[in-house]
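A note on names: the letters A, B, ... follow the listed sequences, proteins ahead of strands, and every chain is numbered from 1.
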2 protein chains.
Amino acid sequence: MASTIHDLARHLNISIGTVSRALNGRADVNADTRQRVLDAAKKLNYSPNQSGRSLRQGATHSIAFMLQPHPGDQQYGEPFFIPFLIGLQAKLAEHGLDLMVVMGEPGQYQQERLRRVVETRLVDAVVLANTRRADDRIDYLSKAGFPFATLGRSQSGDDTYPSLDIDFERAGDEAVDRLVARGHRRIAAIRPSNDLNFGYLFLDGYRKALRRHGIEVDPALIADGFINEAGGYEVTPRVMRSQDPPTAIIFNNDAMALGGCKALAEMGIKPGHDMAVIVIVDTPLCRYFSPALTAFRPALEPMGRRLAEMLLASLPAFAGPEGTRIIREVWPLELVARDSD
Amino acid sequence: MASTIHDLARHLNISIGTVSRALNGRADVNADTRQRVLDAAKKLNYSPNQSGRSLRQGATHSIAFMLQPHPGDQQYGEPFFIPFLIGLQAKLAEHGLDLMVVMGEPGQYQQERLRRVVETRLVDAVVLANTRRADDRIDYLSKAGFPFATLGRSQSGDDTYPSLDIDFERAGDEAVDRLVARGHRRIAAIRPSNDLNFGYLFLDGYRKALRRHGIEVDPALIADGFINEAGGYEVTPRVMRSQDPPTAIIFNNDAMALGGCKALAEMGIKPGHDMAVIVIVDTPLCRYFSPALTAFRPALEPMGRRLAEMLLASLPAFAGPEGTRIIREVWPLELVARDSD
DNA sequence: TGTGTTCTCGTAAACGTTTACGGAAAAACG
DNA sequence: CGTTTTTCCGTAAACGTTTACGAGAACACA
């Protein structure tokens, strides 16, 4: 069934070298011969064996996306990533690259998987998501000199790898802006713990905006929790027990927002009536929740395409004539106004 | 950085053959030598090169999952598949296999991608999802003699490949049962068009249950639509315009249910009050919708694990002593009673 | 001591590609 | 017609493994 380059050579009575050159579009092969090879390839249903090709070229033509669900998040299915992956894979496919998704058990660090993927030369490059503030995966890849890109920034601002992130800082800022414009002064922020970098960035924007409006940042209105529904449910009552409770809450994650709304409901508080709620980042869940949650939405699919481009530009094999470039980008989010604020 | 088997051999002053045998746990190598090889491997940070290994063994040790979003479904992100993938990958990893997720552009058939994956020997086997009633991918793989398994059944009941499916027939049956028990006689069924096999199976169960209860099947209460929100939105009014409108609707897909509920809302009909709604299959969206939708839920993560087992059992290289077995299973769904019926 | 067995290892081929190198034939040039 | 250049192709090595085969040494057995 599977024919090799040798089969073609035998069939055409020429050498395998010529066959290979013909197939790869090299210049030093007669136009007529090339056509005959191409015809034979079609006739014998030839496709190059990836393993052979990879071994020889030292490149596998595939990229790994390391997907690491947050603890307790499996029920949500990380809807965030699918559109991103669609974009990523679409762009990679344009360049003949395959996408391998390496998933870990939820909540368990994937350092070990990563090492294996890298050392075993399973892929040519890696895309990391859910980057942490101090991310040992980034340290490892940097040290190993293995090509990678990240969705999300880490703490170290070094420009040695391409990264694409959402502007959580600006989103936090704009959320506060919007709430203040609607008359709120007591605005709470609920977010995952500090080691996830976007929680840190979000809080930064939140603080800056408050100060700009001359509102004192009240630590009692800031709470950290696990990045899932249970986390939001557990932590929301905490800010509500403040001396001077908030009239608005910004949630830094959709799942946490849903848990928070559940807690609010149990306290007899209705989002959209008694409490303004905004969530960063939007997912389909926000849209269908009742009340529909006002949220900041990223352009995930284009982001996937873009990060693929950026990664490719950083790979010597794909970099254009201008050579290898490292690019970092931060994309804005779009406010989707709904019924909760 | 990356050391090869030759490096180890040179370092220990033995032949590469012995090194390989030592690493692979073969019997014909002295215990002392083996230990020295293992130590050196750790010291030199050796990992076998996948390409070399694949080429020689004729096996890549990886499995492809062909993910094909339905047209217009990218916003939902196919939350259905993530838990399944987590289970699938977990079980495969136990056997040293990697999972490659091949995603197509939403809505565009992936026959071409599949061919490339197969002919190029990129993976050892393939897992198909979203199987259609007559599925050319299955035909192709069967004909090519390439190992595969499916999540979902196709029309042809041939037992030549492992498959795992949800019991849509029974779910349709039980949904009708439940609604009849609650006093409904006019029960509508809204589902994707016939070529998706599960829509066909669901309708079968629906019909059987109605007949069992002595209720005539009214074609005016059955509608097909695109399997997304727009489809549900478009098609639901159709059954409502029936002479004798339904008092209950069973939706065969979460997205269609959401679209349907939107249409109902515009007609002033409130699910859970004026209309009973049940959806097959449950997703997080159902849970957070208002009213929370009663739904049938599959055990996705265990299903992923199970299908991996079934696939492995069908592969000669992994089949136990009892040899290659083809297994087909159909799993029941669990009713999650919420507020919509 | 001679023969057979077991243990351990080295040799070399093979998997399917790509590519550096060189050479023969054809074409160009004076 | 002789020389140089160009065109085209074959040869062979290399990528990093695994494994069939055989050989030498040690051992057992009679």
Handout entry: Nearest-nucleotide pick for B:Thr4, side chain only, options being C:dT17, D:dT17, C:dT19
Key =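 Minimum distance to the B:Thr4 side chain belongs to D:dT17.
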Handout entry: Out of C:dT17, D:dT17, D:dT18, whichever nucleotide has its closest atom nearest the side chain of A:Ile5
Key =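 Looking only at heavy atoms from C-beta outward on A:Ile5, the closest nucleotide is C:dT17.
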Practice task
Over 60° means perpendicular and under 30° means parallel, so classify the ring planes of B:Phe318 and B:His95, tilted if in between.
Solution key: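 Plane angle over 60°, so perpendicular.
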Handout entry: Test applied, side chain to side chain contact (heavy atoms under 4.5 Å, CB included); reference residue, B:Leu38; option that passes from B:Gln35, B:Arg36, B:Lys42
Key =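 Running side chain to side chain contact (heavy atoms under 4.5 Å, CB included) over B:Gln35, B:Arg36, B:Lys42 with B:Leu38 returns exactly one hit, B:Gln35.
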Exercise for the section: Take B:Gln57 and A:Gln57, find for each the nucleotide of DNA chain C with the closest heavy atom, and name the residue whose nucleotide sits nearer the 5' end. Expected result: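 First, find each residue's nearest nucleotide; the 5'-ward one identifies B:Gln57.
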Nearest-angstrom distance from the residue atom [atom1] of [X] to [atom2] of [N]:
X       : N      : atom1 : atom2 : value
B:Arg26 : C:dG10 : CZ    : C1'   : 16 Å
B:Arg53 : C:dG16 : CZ    : P     : 18 Å
B:Asn30 : C:dC7  : CG    : P     : 11 Å
A:Asp7  : C:dC15 : CG    : P     : 11 Å

Exercise for the section: Compare all side-chain heavy atoms of B:Arg306 with those of B:Ile327 and state whether any distance is below 4.5 angstrom. Expected result: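 The answer is yes, as the side chains (C-beta and beyond) meet within the 4.5 Å cut-off.
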Practice task
Would you mind classifying the nucleic acid contact of A:Ser47 as base, sugar-phosphate or nothing, using non-hydrogen atoms under 4.0 angstrom?
Solution key: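 The answer is sugar-phosphate, as A:Ser47 gets under 4.0 Å only of primed atoms, P, OP1 or OP2.
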Exercise for the section: Look at the side chain of B:Arg328 and the backbone N and O of B:Asp165, then say whether any donor-acceptor pair between them is shorter than 3.5 Å. Expected result: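 Here the side-chain-to-backbone pair does not exist.
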Practice task
May I ask you to decide if B:Ile16's main-chain N or O and B:Ser20's side chain share a donor-acceptor pair within less than 3.5 Å?
Solution key: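 No: the side chain of B:Ser20 does not pair with the backbone of B:Ile16.
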Practice task
Check whether any side-chain N or O of A:Asn49 sits under 4.0 Å from OP1 or OP2 of C:dC15, and answer yes or no.
Solution key: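 Answer is no, no contact under 4.0 Å.
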Exercise for the section: Using only side-chain N and O atoms of A:Thr33, determine if any of them is under 4.0 Å from OP1 or OP2 of D:dC9. Expected result: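 True: A:Thr33 side-chain N/O within range (under 4.0 Å) of D:dC9 OP1/OP2.
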Handout entry: Test item: side-chain donor near acceptor, A:Ser154 and A:Asp135, under 3.5 Å
Key =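 Note: A:Ser154 and A:Asp135 side chains miss the donor-acceptor criterion.
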Each nucleotide N or O in nucleotides 10-14 of chain D that has a protein N or O under 3.5 Å away: list the pair and distance.
| unit_1 | atom_1 | unit_2 | atom_2 | d |
| --- | --- | --- | --- | --- |
| D:dG10 | OP2 | A:Ser15 | N | 2.9 |
| D:dG10 | OP2 | A:Ser15 | OG | 2.8 |
| D:dG10 | OP2 | A:Thr18 | OG1 | 2.6 |
| D:dG10 | N7 | A:Arg21 | NH2 | 3.0 |
| D:dG10 | O6 | A:Arg21 | NH1 | 2.9 |
| D:dA14 | N3 | A:Arg56 | NH1 | 3.3 |

